[in-house]
Amino acid sequence: MTHSNPTEQATPEGQAAGVHFIHTRLKKEIEAGQVDRVITRFPPEPNGFLHIGHAKAIVLNFSMADTFGGYTNLRFDDTNPAKEEQRYIEAIKEDVRWLGYTWQNECYASDYFDTLYEYALHLIDAGLAYVDGQDAEVIKAQRGTLTEPGIPSPDRDRAVDENRALFERMRAGEFEDGAYVLRAKIDMAAPNINLRDPVLYRIRRQHHYRTGDQWCIYPTYDFTHGQSDAIEHITHSLCSLEFEDHRPLYDWFINHLPVPARPQQIEFARLNIDFTVLSKRRLTRLVDEGHVDGWDDPRMPTIAGLRRRGFTPQSIQNFCHEIGVTKAESVIPFGVLERNLRDDLNVRAERRMAVLKPLKVVLTNFDAEQPEYATLPNHPQDPSLGERQVPITKTLYIEQDDFMEDAPKKFFRLKPGGEVRLRGAFIVRCDEVIHNSEGQVVELRCSFDPESRSGLPGAERKVKGTIHWVSAEHAVPANVHLYDRLFNVPHPAKDKAVDFVTHINPDSVEHCGGAMVEPSLADWPAQTPVQFERLGYFIPDINSLPGKPVFNRAVTLRDTWAKLEKALRAQGT
RNA sequence: UGGGACGUCGCCAAGUUGGUUAAGGCACGGGGUUUUGAUCCCCGCAUUCGCAGGUUCGAGUCCUGCCGUCCCAGCCA
């Protein structure tokens, strides 16, 4: 990316990208000379995996810094040792990298513990913080309610020396967990509850994944975040809307502490997508309770899950630009994410043929002893991707869905007595339908029209439908996983009275164990999306083996027939 | 009922200091091309900006009052 004029930035859809209220505001600040470049940070807490909502924040932070000549730090907000783990650090770094971003500095709030401690002392000395010896419950009760002011703690007016001594003893480990807490002395009657003497430090004998047992007191988020921003000389601290109420507190610390810079916080609406959940708490539950197979389950909206599902970094970036950045809370249809994947893959994924649910077809007039070969382009619009030979033999497999004995008029695929083109090969006619003892269709006897072979003049002959196929003799058995939305209601967490897991879609995954794929798919390269013609975009699963392929379906192709069929069915035709 | 924020087409979202017929994308509808019912290409799609008043020659943009939605009472972030 370059520092181009925003109107020159465009997504593949031609939509202006990156022009939103934050962009506008930063541009003005630059022009007014208030800042000379924009330095941002992406500040995850290492207590879980990143999800698509984080991607929005990542794209925003990196693109703003990039647009305005600065850089972005990756900072782990690790002030709560009870929840944080090293493995999440690794996963987060991998996800950010995979999305296509390179951070300037890898930072940890825990690296600032010494400085933060000094800042706390500074506040104490200034008479702006005090040590409170009351229980958490008592402090909570004294905080008041939304409509009633809080009442001051009896410890609120403790002498500075005494506060200092107590705080030092807190650090020295002289007290039990929870015995004391350091609080800012602001305003117990403030209408903004965050200003009612918030807790700055708590005693917690917890092994920290990075600082070990060096500390038994840990700073809270409020006392950590802004100061960390200042220490790193972050110019703009972009965060989600729920921190709006914290901004006065953020500024209060910056104003009362000898920090090296004056960062400013700007809030934007977090991402919501329908038919899924996007909170770390809920995603953690899905993993911990075994509703999914882990953080990287392809049904998960995590970056790791989307990656395994077959999403591309580019499609996620495009999605984030397309949805924009505002302060209005919105819910984006899951289909928007899927369409961005299709748009990205349509132009660059190679095409192959695969049959998910095979139906045997015997070409009665195909007498060649040796297989013949059809030449198919690897991409219909991009000849540079080359072509390949696909074997044709007397016995083929086609998709069960591509044959109907009792077909409606609009059904353009195979039916008894009807004709279809086998993609890249020739036109076949269904002469006979063979059933098993239960009446199921198990085999089709067809004859092909030799004149209609691709490349021959007879190929000009038009038939309504074209279907995909594989040679039975050459096809490679494969396992294919089809994924659907994880929840069967648009807003699983909407009703607080109902546990969201009750809305999990029991049919969110379908396994096609008997799929048959064309030979070139036998050892398809990992991490490489491919289009199975007429079916969708797929990617080898991490458990895929050469000769024993396993594919995940990332997304189907747009399917107007499915819609039409549904409409016809609704009319009763 | 305290404080903070938001409300422009079904879903997103532009809308300069108030000034011609309210961008764009998605979705949707219609048509064309097509050996993927895919892609691609045309065309259509808000007399109206949560509602009601007011100021003004002129308001989505200013004022007043309502209505609706979200967030805040962790020693979580």
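Lettering of chains follows the sequences in order, A, B, ..., and the numbering in each one begins at 1. Just so you know, these numbers use all the heavy atoms, side chains as well, and skip hydrogens, waters and symmetry mates. Worth saying up front: this structure is predicted, and the values here are computed from it rather than measured.
- Taking atom CD1 of A/Ile92 as the reference point, atom C1' of B/rA77 lies 12 Å away to the nearest angstrom.
- Between the side chain of A/Arg534 and the base of B/rG37, no donor-acceptor pair of N or O atoms lies under 3.5 Å.
- Residue A/Arg183 is out of contact with every strand shown, counting any heavy-atom pair closer than 4.0 Å.
- Here A/Lys280 lies out of heavy-atom contact (under 4.0 Å) with every strand.
- Taking atom CZ of residue A/Arg196 and atom P of nucleotide B/rC72, one finds them 15 Å apart after rounding to whole Å.
- Across the protein-nucleic acid pair, A/Tyr221 atom OH and B/rG74 atom C1' stand 14 Å apart, rounded to whole Å.
- Here, B/rU48 and B/rC63 have their P atoms 24 Å apart, quoted to the whole Å.
- Using a 4.0 Å cut-off, some side-chain N or O of A/Arg204 falls inside it from OP1 or OP2 of B/rC76.
- Side chains of A/Asn80 and A/Glu84: a donor-acceptor N/O pair is absent below 3.5 angstrom, by distance only.
- The C1' atoms of B/rC62 and B/rU1 are separated by 30 Å, rounded to the nearest whole Å.
- For the P atoms, the distance from B/rC28 to B/rC11 is 15 Å, rounded to whole Å.
- Defined by atom type and a distance below 3.5 Å, a donor-acceptor pair is missing between the side-chain atoms of A/Ser153 and A/Arg183.
- Rounded to whole Å, the separation between the P atoms of B/rA27 and B/rC70 comes to 29 Å.
- B/rC49 makes up no base pair with any nucleotide shown, lacking Watson-Crick or G-U wobble contacts both under 3.5 Å.
- Remark: A/Arg143 is in phosphate contact with B/rG74, judged by side-chain N or O atoms under 4.0 Å from OP1 or OP2.
- In the set B/rU36, B/rC76, B/rA77, B/rU36 carries the atom at the smallest distance from any side-chain atom of A/Gln531.
- Following rounding to the nearest Å, A/Arg423 (CZ) and B/rU35 (P) show an atom-to-atom distance of 9 Å.
- Using a 3.5 Å distance cut-off with no hydrogens or angles, the side chains of A/Glu267 and A/Gln265 do pair a donor with an acceptor.
- Judged purely by atom type and a 3.5 angstrom limit, A/His321 has no side-chain atom pairing as donor or acceptor with the backbone of A/Asn318.
- Nucleotides B/rU47 and B/rC9, compared at atom P, are 11 Å apart to the nearest Å.
- At least one donor-acceptor pair closer than 3.5 Å links the side chain of A/Arg342 to the backbone N or O of A/Thr556.
- The partner of B/rC6 is B/rG68, judged by Watson-Crick or G-U wobble contacts that both fall below 3.5 Å.
- Counting to the nearest Å, the C1' atom of B/rG37 and the CZ atom of A/Phe532 are 20 Å from each other.
- With a 3.5 Å ceiling on both atom-pair distances, the Watson-Crick or G-U wobble partner of B/rC11 is B/rG25.
- In this structure, A/Asp132 reaches neither bases nor backbone, as no heavy-atom distance under 4.0 Å exists between it and the strands shown.
- Distance from the side chain of A/Asn194 is smallest to B/rC72 among B/rC72, B/rA38, B/rC26.
- Checked by atom type, the side-chain pair A/Asp229/A/Tyr250 shows a donor-acceptor distance below 3.5 Å.
- Backbone-only engagement by A/Glu45 is indicated by non-hydrogen atom pairs under 4.0 Å involving sugar-phosphate atoms exclusively.
- Closest-nucleotide positions on RNA chain B for A/Ala425 and A/Glu84 were compared, and the one nearer the 5' end corresponds to A/Ala425.
- The A/Lys327 side chain lies nearest to B/rC6 when the options are B/rC6, B/rC12, B/rU36.
- Contact annotation: A/Arg202 side-chain N/O to B/rC76 OP1/OP2 distance is under 4.0 Å.
- In terms of phosphate contacts, A/Arg558 brings no side-chain nitrogen or oxygen within less than 4.0 Å of OP1 or OP2 of B/rC26.
- Residue A/Lys28 is classed as having no contact, given no heavy-atom separation below 4.0 Å to the nucleic acid.
- Listed here is the closest heavy atom pair of A/Thr79 and A/Pro81: O-CD, 3.4 Å.
- A donor-acceptor pair shorter than 3.5 Å cannot be found between the side chains of A/His468 and A/Arg351.
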Using a cutoff of under 3.5 Å, can you pull out all pairs of nitrogen or oxygen atoms linking the protein to nucleotides 1-4 of chain B, with atom names and distances?
unit_1: B/rG2; atom_1: N9; unit_2: A/Leu146; atom_2: O; d: 3.1
unit_1: B/rG2; atom_1: N2; unit_2: A/Pro191; atom_2: O; d: 3.4
unit_1: B/rG2; atom_1: N3; unit_2: A/Leu146; atom_2: O; d: 3.0
unit_1: B/rG3; atom_1: N2; unit_2: A/Asp245; atom_2: OD2; d: 2.7
unit_1: B/rG4; atom_1: O2'; unit_2: A/Asp245; atom_2: OD1; d: 3.4

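- For A/Ala328, the side-chain atoms get nearest to B/rC6 when compared with the rest of B/rA77, B/rC6, B/rU35.
- The only member of A/Trp215, A/Phe76, A/Tyr108, A/Phe113 that meets ring pair (Phe, Tyr, Trp, His ring centres under 6.0 Å) when paired with A/His208 is A/Phe113.
- Taking atom CZ of residue A/Phe243 and atom C1' of nucleotide B/rC70, one finds them 15 Å apart after rounding to whole Å.
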Practice task
Show your reasoning for whether salt bridge (charged side-chain N to carboxylate O under 4.0 Å, His left out) applies to A/Glu518 and A/Arg388.
Solution key: CA-CA 11 Å; A/Glu518 67 166 83; A/Arg388 68 190 188 285; 2.6 Å; yes
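- Distances from the side chain of A/Asn80 to the nucleotides B/rA38, B/rU35, B/rA77 place B/rA77 closest.
- Look at A/Thr79 and you won't find any side-chain N or O under 4.0 angstrom from OP1 or OP2 of B/rC76.
- At B/rG37, none of the side-chain N or O atoms of A/Lys464 fall inside 4.0 Å of OP1 or OP2 (strictly under the cut-off).
- Using a 4.0 Å cut-off, some side-chain N or O of A/Thr326 falls inside it from OP1 or OP2 of B/rA13.
- Backbone-only engagement by A/Val325 is indicated by non-hydrogen atom pairs under 4.0 Å involving sugar-phosphate atoms exclusively.
- At the heavy-atom level, A/Val347 lies nowhere under 4.0 Å from the strands shown.
- A/Glu350 has its CD atom 18 Å from the P atom of B/rU36, to the nearest Å.
- In this structure, A/Phe411 and A/Pro43 both approach RNA chain B, and ranking their closest nucleotides by distance from the 5' end singles out A/Phe411.
- Side chain of A/Ser452 to backbone of A/Asp449: a donor-acceptor contact under 3.5 angstrom is found.
- A/Ala459 comes within 4.0 angstrom of a nucleotide base, judged by non-hydrogen atoms across all strands.
- Taking atom C1' in both B/rG53 and B/rA59, the straight-line distance is 14 Å, to the nearest Å.
- Counting only distance, with no hydrogens or angles, the side chain of A/Arg169 and the backbone of A/Glu174 share no donor-acceptor pair below 3.5 Å.
- Residue A/His468 is classed as having no contact, given no heavy-atom separation below 4.0 Å to the nucleic acid.
- B/rG74 adopts a syn glycosidic conformation, its chi angle falling within 90° of 0.
- Counting only heavy atoms from C-beta on, A/Val181 has its side chain closest to B/rC75 among B/rG15, B/rC75, B/rC28.
- Rounded to the nearest Å, the gap between the C1' atom of B/rA22 and that of B/rG3 is 34 Å.
- If you take atom C1' in B/rG19 and the same atom in B/rU61, they sit 11 Å apart, rounded to whole Å.
- Here B/rA73 presents its C1' atom at 13 Å from CD1 of A/Ile139, a figure rounded to the nearest Å.
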